[in-house]
Enquirer: 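Quick one: structure below, then a few questions.
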Amino acid sequence: MELKKTKPFIINRKLSNFYYVLFIFYFVSCKTNQTNAGTKHEINYIPYYLELYKADSLRMIGENEEAFKKLDSLFTIYEPLNYSVTKELVYYVKYAASTKKNINYKSHLTNLVAERGYPYKWIIQDSDLMNAYIINGFSKNDIKQLDSIFNAQINWEYRKELKEMFTQDQLSRGKLIEPFVDESNAKRLIQLITQYGYPDIKTVGRLEEDRIMLGIMYFHLSRIDNYAELKNLLIEKLKEGKANPFDIENMITSKYLLYYHQDYFGKIDRETNGLKKIKFDVPLDTFNIRRKKYGLPSLQFAKMKYDFYKNNTHP
């Protein structure tokens with residue numbers, strides 16, 4: 001099936017000339033930076049994720065200044081992702097604003113919404129983040145306009161097909177057609193990613209809004225014929241900052257469970273969703289080495305993060 005191209009977005013005439021210039025400058029500069037980066041070296045986002053966990057650990061123990069410095073240094077090398085696990089760009093601009101740091105607020109605050117899809121409804125619920133926008137000249141209407149810019153670039157046909165694939169994935173569980181659906185979904189995923197790019201937030205928006213769970217679909221693809229091809233494609237997209245480490249974790253975990261009845265990456269001490277696994281005496285360091293290779297946090301960090309959110313209603 002050939003996906004329809006998304007209609008070009010027309011900027012609302014009410015958007016001020018200032019923000020129009022800001023928008024054009026921002027996207028041209030991003031494109032230039034990516035081009036220059038490509039001529040110098042190939043960007044690999046796996047170290048980016050690993051550094052994020054360090055910054056997040058500092059933040060969770062109250063070392064906010066050190067966490068900010070680490071992110072500030074990181075953002076000179078990488079374009080910020082605002083990864084769902086750490087929300088690094090949100091915390092970066094909030095801390096910078098509260099301590100009057102000299103950063104490129106216009107670019108980062110625009111990026112957060114127009115590129116990373118951070119919704120307007122979340123911003124207005126966060127007084128510190130909303131204040132960062134206000135003191136840097138953004139009105140609520142300006143933020144809504146950026147929200148519209150983000151939504152206009154989403155490939156809705158791609159997202160619609162992913163929803164259908166996930167629906168079939170769920171309906172086929174435990175039935176004779178299950179392996180055929182998995183093979184079909186895997187082949188189509190490879191085609192879609194190759195033709196339209198990885199289904200990250202910039203390409204298809206927030207999939208959770210349509211209850212589309214790629215991670216679950218990946219977990220079910222351990223028996224497919226072209227497992228290696230899809231896994232290698234995901235690793236390539238992980239390095240590009242498109243796929244996230246937990247996409248890879250689901251694919252590799254399911255394969256290892258199928259053949260060895262063992263969790264390849266280890267788990268923190270909590271419920272394991274009823275999965276029955278043979279316990280092996282694997283050193284903690286072995287698990288962490290495996291996790292580091294794919295940009296996953298150490299088990300110690302995972303436990304720290306779990307406890308932090310468990311004990312903090314508003315982390």
Side-chain angles (χ1 to χ4, degrees), residues 5-37 43 45 48 52 71-72 74-97 103-126 128-159 196-210 237 240-244:
K5 292 184 177 180
T6 306
K7 294 181 179 179
F9 177 72
I10 300 174
I11 296 178
N12 191 311
R13 291 180 180 177
K14 292 182 179 179
L15 187 61
S16 67
N17 290 334
F18 174 76
Y19 282 105
Y20 175 76
V21 172
L22 172 64
F23 171 68
I24 297 299
F25 170 78
Y26 173 75
F27 284 103
V28 169
S29 63
C30 281
K31 186 174 182 181
T32 302
N33 288 337
Q34 290 170 357
T35 303
N36 291 340
I43 291 292
Y45 267 86
Y48 175 89
L52 285 187
L71 291 177
D72 194 50
L74 199 60
F75 294 168
T76 64
I77 305 170
Y78 297 91
E79 180 184 345
L81 296 179
N82 202 46
Y83 181 34
S84 60
V85 173
T86 55
K87 295 185 176 64
E88 68 276 9
L89 189 51
V90 170
Y91 291 116
Y92 178 76
V93 295
K94 284 169 60 173
Y95 184 75
I103 67 169
N104 191 340
Y105 288 99
K106 297 293 185 185
S107 177
H108 288 310
L109 291 169
T110 300
N111 179 348
L112 183 60
V113 182
E115 284 283 284
R116 299 302 164 191
Y118 204 75
Y120 168 76
K121 62 183 179 181
W122 292 0
I123 294 172
I124 61 174
Q125 293 171 358
D126 186 332
D128 292 334
L129 183 57
M130 188 67 215
N131 183 60
Y133 276 95
I134 291 172
I135 64 178
N136 284 286
F138 290 83
S139 67
K140 287 184 177 181
N141 188 57
D142 294 328
I143 302 171
K144 289 178 181 178
Q145 292 286 354
L146 294 174
D147 210 18
S148 297
I149 289 169
F150 171 76
N151 285 310
Q153 71 184 359
I154 291 173
N155 190 328
W156 296 101
E157 290 294 326
Y158 191 169
R159 178 156 150 174
Y196 299 103
Y198 191 78
D200 62 351
I201 193 167
K202 293 173 69 173
T203 305
V204 295
R206 295 189 172 277
L207 293 179
E208 65 271 18
E209 293 175 351
D210 278 341
K237 298 304 176 184
E240 293 175 3
K242 307 297 183 182
N244 75 64

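Quick note: numbers below take in every heavy atom, side chains included, and nothing from hydrogens, waters or symmetry partners. We number each residue from 1, following the sequence as shown.
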Enquirer: Between Tyr118 and Arg206, is there a side-chain heavy-atom distance shorter than 4.5 Å?
Expert: yes
Enquirer: Quiz question: by atom type and distance under 3.5 Å, do the side chains of Asp142 and Ser139 form a donor-acceptor pair?
Expert: yes
Enquirer: Under 3.5 Å, is there a donor-acceptor pair between the Tyr48 and Glu88 side chains?
Expert: yes
Enquirer: Before you tell me yes or no, could you show the steps for Val90 and Trp122 under side chain to side chain contact (heavy atoms under 4.5 Å, CB included), namely the whole-Å CA-CA distance, both residues' side-chain angles and the distance that decides it to 0.1 Å?
Expert: CA-CA 11 Å; Val90 170; Trp122 292 0; over 6 Å; no
Enquirer: Check whether any side-chain heavy atom of Asn104 sits under 4.5 Å from a side-chain heavy atom of Phe75, and report yes or no.
Expert: no
Enquirer: For Lys140 and Tyr120: C-alpha separation, side-chain torsions, deciding distance, then whether side chain to side chain contact (heavy atoms under 4.5 Å, CB included) applies.
Expert: CA-CA 8 Å; Lys140 287 184 177 181; Tyr120 168 76; 3.5 Å; yes
Enquirer: What's the separation between atom OG1 in Thr110 and atom OH in Tyr105, rounded to the nearest 0.5 Å?
Expert: 14.0 Å
Enquirer: Within a strict 4.5 Å, meaning less than it, do heavy atoms of the Arg159 and Glu209 side chains meet?
Expert: yes
Enquirer: Under the criterion ring-ring contact (aromatic ring centres under 6.0 Å, His included), which of Tyr198, Tyr78, Tyr83 is the partner of Tyr45?
Expert: Tyr78
Enquirer: Side chain to side chain contact (heavy atoms under 4.5 Å, CB included) with Leu109: which of Leu146, Val93, Ile103?
Expert: Val93
Enquirer: Distance from His108 atom NE2 to Asn136 atom CG, nearest 0.5 Å?
Expert: 11.0 Å
Enquirer: Enter the distance from Phe150:CZ to Arg116:CZ here, rounded to the nearest 0.5 Å.
Expert: 9.5 Å
